[in-house]
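Only one structure is covered here, and it is reproduced in the block below.
Just the heavy atoms: all of them, side chains too, but no hydrogens, waters or symmetry mates, feed the values below. Small disclaimer: the values here were computed from a predicted structure and weren't measured.
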Amino acid sequence: MFSTRLYALIALAPKLVFSAPHWAAPSSATGTAPVGAPTTAQMPFQPPGGLGTNSTPPVYAPMSDFDFQSINLALNQEYIELDLFHFGLARFSDEEFQAAGLTAEDRYTIQFMAEQEVGHATALSNILGANAAKPCNYTYPFDDVRGFVDFCQKLTRWGESGVYGFLEHLNSRAAAQILLQSITTEARQQMIFRQFEGLFPLGGEWHIPGITQSMTWTLLANYITTCPEENPRIEWQNFPGLNITNNPAPDRMNLTPGISNNVTALSGPGTELHFTWENPGKVTGYDGKYNTSTSAGEPKFVAWISQLNTTYTPLENITGNSGTTVQPGLRIFGDNSAPLINGTMFVMLTDSNPFITAANVSLLNPHVVAGPAVYQSG
C-alpha cells in the first residue's frame, strides 16, 4: 500500500506559491560572511551576547555534515507526512470519514496540513540545495480511518520530537530558525490529530521530549519502501525494533472526536508493559540499503523519554527476546505537578541507565538495545 503522487506535487511546488527564497550561501565551509558583506553597529537596547546577533549575515545552509544529515532526515520526514495526508484523504470515502466522526471541515483541515508540508519540504530542500533528497514511496500500517488518524498522530509526534532533539545542536543557527518555524506547525498538527482521535488534546504533558536522529530514523525507516537512486544516504543508525504488545490502542476504543475531553490518560502507574524485540541485522529502510545494529550489551533497563526527563525502570521477566516492566509513577517536579509518563512518548531497552538530560539525549544511543517504540500512555 503506497503512493507515488508526492513526487509530482513537490516538483510543481516552485511553480505555485512555494518558490525558493534567495538565501545567501556561505563563502566557506565555516559559513563566514562573504568578503565585503555589510556590517552593522551594536543595536540599541540590545544587551551584549547571544548567538547570531553580530554583523555576520545569516547563512541558510548546512555548515557541517551533522547539519546536512540532520536536515536531510527532517526532509524525509516532511515528505512522508505530505504523502500520508494525501493518501488517507484519497484512500477513504467521505462516508468512511463521517462514520469515524470527521466532517468535511475536518477533511479540509487534513488537506491544509498537506499544503503546509509542501511549504516545509520546499524550505528544507532549499536549505540543502542540489543534493536534497527527493520524495519516496511509502507503505502504511492501517486499513480504516481511525487507524489513519492514529498513525498520523504518532508520526507527527516522532517528527516533532525528532527535530527538537537536534535543533539546538546545529552549526547553522539560521537553518535552525527555519526548522523551528516549521516544527511548531507540526506540533499543532499533532494536537489536532489527537482531537480527531478523541484524545485529550494536550496529552497531559507540560513539556514535549526530544529524541535523537537515530531514534527518529529507526521509527521512520519502517515505512519507506523505495527512493530515487540519487537520494543521499541517511547516515544515522537503525536500532533493532521494539514492540509493546499491550500498547493502548485509542483507534480501537471508540472514542469520539472533539475539541477536548477528560480522557487524560490511557495508562497509569503500575501498568505492566509487555515487550518483544528484534535481533540486530534485520534489513530495514528503503531499497534494502540499511540494516539494524546496536553497540549495547544485554538489555537490563527500560528508558522512558518523556517530558524533560529520561527515566529508567528494570526490565524484568526476560525470556529470549521478551520481557516486562512496570510504568513508574513519578511526577515532573514532585508532588502536585504533572505525571512524568503521559501522552504520546517513547520507550526503549538499554544495557545501562546513564544520566541523560534534555540537551544530551544522544549519549543514550550507544546503550540502546532496541527501540524506540511509541508508547500511547495518554
Side-chain angles (χ1 to χ4, degrees), residues 1-6 9 77-117 135-160 186 188-201 203 219-226 241-267 273-274 276 284 343-346 372-378:
M1 184 191 313
F2 61 86
S3 170
T4 58
R5 296 180 304 281
L6 179 57
L9 184 55
Q77 177 74 26
E78 302 292 359
Y79 282 151
I80 194 174
E81 289 165 1
L82 171 53
D83 186 84
L84 171 63
F85 300 161
H86 277 306
F87 179 87
L89 291 172
R91 167 67 176 79
F92 303 111
S93 67
D94 294 353
E95 291 74 20
E96 288 174 294
F97 275 99
Q98 290 166 1
L102 299 176
T103 66
E105 288 79 8
D106 298 327
R107 297 195 300 276
Y108 175 73
T109 300
I110 299 173
Q111 172 61 39
F112 186 76
M113 290 181 188
E115 295 169 13
Q116 291 177 318
E117 298 306 331
C136 301
N137 295 319
Y138 311 94
T139 186
Y140 301 120
F142 53 79
D143 54 18
D144 59 26
V145 171
R146 293 184 185 276
F148 163 61
V149 172
D150 182 66
F151 185 64
C152 289
Q153 182 264 130
K154 290 177 168 65
L155 183 83
T156 50
R157 169 45 50 88
W158 85 59
E160 178 190 357
E186 190 153 326
R188 295 181 181 187
Q189 293 175 353
Q190 204 271 341
M191 189 184 81
I192 290 171
F193 281 120
R194 292 184 62 87
Q195 293 172 312
F196 286 173
E197 195 166 15
L199 295 171
F200 184 61
L219 293 166
L220 174 60
N222 295 315
Y223 306 104
I224 307 179
T225 54
T226 62
L242 176 65
N243 181 39
I244 306 169
T245 61
N246 62 334
N247 205 346
D251 57 316
R252 297 294 175 258
M253 294 180 180
N254 199 30
L255 302 173
T256 302
I259 295 175
S260 190
N261 56 59
N262 62 357
V263 184
T264 54
L266 301 178
S267 68
L273 275 68
H274 297 253
T276 60
T284 188
T344 307
M345 52 161 297
F346 308 94
V374 178
Y375 180 44
Q376 196 64 59
S377 178

Next on the checklist: Could you tell me if Asp83 and Tyr140 have a donor-acceptor pair between their side chains, going purely by distance under 3.5 Å?
Outcome noted: yes

Checklist entry - Do Met253 and Pro248 touch side chain to side chain, with heavy atoms closer than 4.5 Å? => result yes

Checklist entry - Can you name the nearest heavy-atom pair linking Ile80 to Tyr138, along with the distance? => result CG1-CD2, 3.5 Å

Item to check | CG on Asp143 to CZ on Arg91, rounded to 0.5 Å | outcome: 7.0 Å

Checklist entry - Are the side chain of Asn137 and the backbone N or O of Ile224 linked by a donor-acceptor pair below 3.5 Å? => result no

Checklist outcome for this item: Distance col, row Asp150:CG vs Leu155:CG, nearest 0.5 angstrom, shows 11.0 Å

Item to check | Between Lys154 and Gln376: side-chain donor-acceptor atoms closer than 3.5 Å | outcome: yes

Checklist entry - Do the rings of Phe97 and Phe92 sit parallel, tilted or perpendicular, given the 30° and 60° boundaries? => result perpendicular

Next on the checklist: One pair to check against side chain to side chain contact (heavy atoms under 4.5 Å, CB included): Phe85 and Gln111. What are the steps and the verdict?
Outcome noted: CA-CA 7 Å; Phe85 300 161; Gln111 172 61 39; over 6 Å; no

Next on the checklist: Once rounded to the nearest 0.5 Å, what's the spacing between atom CG of Asn222 and atom OG1 of Thr284?
Outcome noted: 4.5 Å

Next on the checklist: For Thr225 and Cys136: C-alpha separation, side-chain torsions, deciding distance, then whether side chain to side chain contact (heavy atoms under 4.5 Å, CB included) applies.
Outcome noted: CA-CA 7 Å; Thr225 54; Cys136 301; over 6 Å; no

Next on the checklist: Please check: side-chain N/O of Asn261 versus main-chain N/O of Leu199, any donor-acceptor pairing under 3.5 Å?
Outcome noted: yes

Checklist entry - Ile192 versus Asp106: any side-chain heavy-atom pair under 4.5 Å? => result no

Checklist entry - Under a 4.5 Å cut-off applied to non-hydrogen side-chain atoms, are Ile259 and Pro201 in contact? => result no

Item to check | Minimum heavy-atom distance Leu219-Phe346, with the two atoms named | outcome: CD1-CE2, 4.1 Å

Checklist entry - Any side-chain heavy-atom pair from Glu115 and Phe112 closer than 4.5 angstrom? => result yes

Item to check | CA sep, side-chain torsions, deciding dist, call: Met113, Thr109, side chain to side chain contact (heavy atoms under 4.5 Å, CB included) | outcome: CA-CA 6 Å; Met113 290 181 188; Thr109 300; 3.9 Å; yes

Checklist entry - Do Gln153 and Thr344 have side-chain N/O donor and acceptor atoms under 3.5 Å apart? => result yes

Next on the checklist: Do Asn262 and Phe200 have side chains that approach each other closer than 4.5 Å (heavy atoms only, starting at C-beta)?
Outcome noted: no

Checklist entry - Could you state the interatomic distance from OG1 (Thr156) to CD (Gln190), rounded to the nearest 0.5 Å? => result 4.5 Å

Checklist entry - Taking the inter-plane angle between the rings of Phe193 and Phe148 on a 0 to 90° scale, is it parallel (under 30°), tilted (30 to 60°) or perpendicular (over 60°)? => result perpendicular

Checklist entry - After noting the C-alpha distance and the side-chain angles of Glu186 and Glu78, does the key distance pass the side chain to side chain contact (heavy atoms under 4.5 Å, CB included) rule? => result CA-CA 10 Å; Glu186 190 153 326; Glu78 302 292 359; 3.8 Å; yes

Checklist entry - To the nearest 0.5 Å, how far apart are OG1 in Thr276 and CD1 in Ile244? => result 10.0 Å

Checklist entry - So, do Trp158 and Pro372 sit near enough that their side-chain heavy atoms are less than 4.5 Å apart? => result no

Item to check | Whether Arg146 side chain and Leu255 backbone form a donor-acceptor pair below 3.5 Å | outcome: yes

Item to check | Ser267-Ser377 side chain donor-acceptor pair, cut-off 3.5 Å | outcome: yes

Next on the checklist: Is it the case that the side chain of Thr245 and the backbone of His274 share a donor-acceptor pair, with hydrogens and angles ignored and the cut-off at 3.5 Å?
Outcome noted: yes

Checklist entry - Should the pair Arg194-Glu197 be classified as a salt bridge under the 4.0 Å nitrogen-to-oxygen rule? => result no

Checklist entry - Is a side-chain donor-acceptor pair under 3.5 Å present for Glu81 with Gln77? => result yes

Next on the checklist: Using 0.5 Å steps for rounding, measure from the CG atom of Leu266 to the OH atom of Tyr375.
Outcome noted: 8.5 Å

Checklist entry - Counting distance only, does the side-chain N/O of Asn247 pair as donor-acceptor with the main-chain N or O of Val374 below 3.5 Å? => result yes

